[in-house]
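Reckoned from all heavy atoms, side chains included, excluding hydrogens, waters and symmetry mates. The shown structure was predicted, so the numbers you read here are calculated from the model rather than taken from an experiment.
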Amino acid sequence: MSPGPPVGPRSVWVTGASSGIGRAGALAAARSGDHLVLSARDESSLEATRADCLAAGAAGVLVRPLDVGDDEAVSRCVKEAVEVTGRLDVVIHAAGVVAYGRTEEVPADVFDGVVRTNVLGPVNLARHLVPVFRQQEHGTLVLVGSVIGHLGVPGMSPYVLSKWALRALARQLQLENRDRRDVHIIHVAPGGVDTPIYRQAATYAGFVGRPPPPVVTPDRVARKMWRLVDHPRPRAQVGLGNDLMRFGFTVTPALFDLLVGPLFALAAQDRTTRVPPSQGNVLWSTPAGNGATGDQGRAITGIVRNLGAAARSWLPRDLR
């Protein structure tokens with residue numbers, strides 16, 4: 001019989017810990033007095049998270065810069081994370097990147113970069129992490145997905161494909177580890193979250209993305225993740241609008257397809273200012289854009305501004 005998870009401070013590894021949901025998840029673990037390993041591509045941003053985690057009460061914090069798309073680097077980091085306390089209890093995988101644009105508009109290297117981070121990254125993680133969990137007969141992997149992993153959204157093909165794939169990976173890992181009672185794979189799907197990922201995204205759509213309402217904070221997602229770690233369930237949504245969107249996509253697909261384009265432009269983009277094509281942080285880290293939140297203001301304000309921009313575009317040029 002499995003001895004069950006150990007009692008006392010946990011050994012926790014967080015990817016994507018430099019910003020947004022990953023940072024919030026790390027701070028929540030720190031407040032519980034856990035041992036932490038923090039990973040992301042940029043070391044300076046990780047050091048800032050490390051300082052905040054130590055101030056919040058972490059038992060110890062190890063920083064390990066990592067590109068999750070590099071399988072050998074992931075293998076090394078798993079070994080180093082285990083060495084901190086001799087075990088690894090919880091892994092929060094929050095690393096992810098976004099690209100906006102029609103399928104044919106997103107350059108191949110950027111499209112592949114999204115897939116590399118968002119799909120091959122968690123596959124690499126599972127490849128080296130699951131054997132550790134199975135050998136120690138306990139462990140929890142939380143995969144941070146998105147409601148977009150249940151939907152279709154025009155102009156976000158790389159991200160949509162990657163989040164559908166992540167949800168499929170979670171399901172596969174759950175099936176393959178049913179024989180380990182205390183090994184848990186949890187898929188968490190937030191809706192709109194106030195993180196820097198929208199401003200840091202690659203964009204070939206002409207506009208900056210923004211979180212669609214209802215927008216939740218990274219801290220709320222973190223609280224949900226840790227409740228699921230303490231009381232495991234295989235999957236969960238975060239956001240009041242998620243179930244409505246999933247229902248529309250599945251049950252009334254013709255209506256969903258009719259509405260999703262205009263509503264996406266209105267609520268999930270900043271249509272007030274055009275921007276040039278950009279690779280964002282897909283191919284390399286942009287440390288200046290990392291942070292706790294995205295600071296793009298209230299969602300309803302963004303919608304009103306988009307409506308104003310649309311109304312002005314309908315006016316004769318001399319009246320705009």
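In this structure, the side chains of L125 and W13 come closer than 4.5 Å at one or more pairs of heavy atoms. Proximity of S18 to D42: side-chain heavy atoms (C-beta onward) are nowhere separated by under 4.5 Å. The shortest distance between side-chain heavy atoms of V144 and P190 falls below 4.5 Å. Within the 4.5 Å cutoff, side-chain heavy atoms of L36 are placed close to those of C53. Looking at heavy atoms from C-beta onward, Q269 lies out of side-chain contact with V208 at the 4.5 angstrom threshold. Contact check for R233 versus H184: no side-chain heavy atoms found under the 4.5 Å cut-off. V12 is not listed as a side-chain neighbour of D89, based on a closest heavy-atom distance of 4.5 Å or more. With contacts defined as side-chain heavy-atom distances shorter than 4.5 Å, the pair N124/V68 does not qualify.
Side-chain atoms of T85 come within 3.5 Å of backbone atoms of R87 as a donor-acceptor pair (strictly under, hydrogens ignored). Side chain of Q237 to main chain of V188: no donor-acceptor pair is present (N/O by atom type, distance under 3.5 Å, no hydrogens or angles). Put simply, the side chain of N281 never gets that close to the backbone of W284: no donor and acceptor are under 3.5 Å apart. With hydrogens and angles disregarded, no donor-acceptor distance shorter than 3.5 Å links the side chain of T15 to the backbone of S39. Under the 3.5 Å distance criterion, the side-chain polar atoms of E105 are left unmatched by any main-chain donor or acceptor of A205.
By the 6.0 Å and 45° rule, R274 stacks over the aromatic ring of F207.
Taking the charged nitrogens against the carboxylate oxygens, R134 and D179 do have a contact shorter than 4.0 Å, which makes a salt bridge. A salt bridge does not link R50 with D52: every distance from a Lys NZ or Arg NE/NH1/NH2 to an Asp or Glu carboxylate oxygen is 4.0 Å or more. Salt bridge status for D230 with R227: absent, with no side-chain N to carboxylate O gap under 4.0 Å.
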Evaluate side chain to side chain contact (heavy atoms under 4.5 Å, CB included) for V97 paired with R41, printing each intermediate quantity in order. CA-CA 12 Å; V97 293; R41 289 177 296 180; 3.9 Å; yes
Give the intermediate values and the outcome of side chain to side chain donor-acceptor pair (under 3.5 Å) for residues T272 and D270. CA-CA 6 Å; T272 62; D270 179 356; 2.5 Å; yes
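In terms of heavy-atom proximity, H93 sits nearest to P122 at NE2-CD, 3.6 Å. Smallest separation of non-hydrogen atoms from G25 and W226: O-NE1, 3.1 Å. When all heavy atoms of G261 and P154 are compared, the closest pair comes out as CA-CG, 3.8 Å. Of all heavy-atom pairs between T117 and G96, the closest is CG2-CA, 4.0 Å. A40 and A17 get closest at one heavy-atom pair: CB-N, 4.1 Å. Nearest approach of S146 to K163, heavy atoms of both residues: CB-CG, 4.0 Å.
Screening V84, V63, V91 for a side-chain contact (heavy atoms from CB on, under 4.5 Å) involving V37 leaves a single residue, V84.
With rounding to the nearest 0.5 angstrom, the CG atom of L173 is 14.0 Å from the CZ atom of R178. Distance CZ/R305 to CD1/I300: 12.0 Å, rounded to 0.5 Å.
A donor-acceptor contact closer than 3.5 angstrom links the side chains of T293 and D295. Side-chain contact annotation: D71 with H128, donor-acceptor N/O pair under 3.5 Å present. With hydrogens and angles left out, the side-chain atoms of N177 and R180 include no donor and acceptor closer than 3.5 Å. Side-chain contact of S45 with N290: a donor-acceptor pair under 3.5 Å is present, judged by distance alone. In the model, S162 has a side-chain atom that pairs as donor or acceptor with a side-chain atom of N118 under 3.5 Å.
No more than 12 heavy atoms of other residues, nucleotides or ligands sit less than 6.0 Å from atom CD of E72.
In the hydrophobic clustering (ILVMFWY side chains linked at under 4.5 Å, chained through shared members), I197 is joined by V98, Y100, V147, I148, L151, V153, M156, Y159, V160, W164, Y198, M245, F249, F256, V260, F264.
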Distance-only donor-acceptor pairs under 3.5 Å for side chains of residues 109-116, two or more places apart:
| residue | atom | partner | partner atom | Å |
| --- | --- | --- | --- | --- |
| R116 | NH1 | D67 | OD1 | 3.0 |
| R116 | NH1 | D67 | OD2 | 2.6 |
| R116 | NH2 | G69 | O | 3.4 |

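Sequence neighbours left out, the pairs with a member in residues 29-38 that pass side chain to side chain donor-acceptor pair (under 3.5 Å) are R10-D34.
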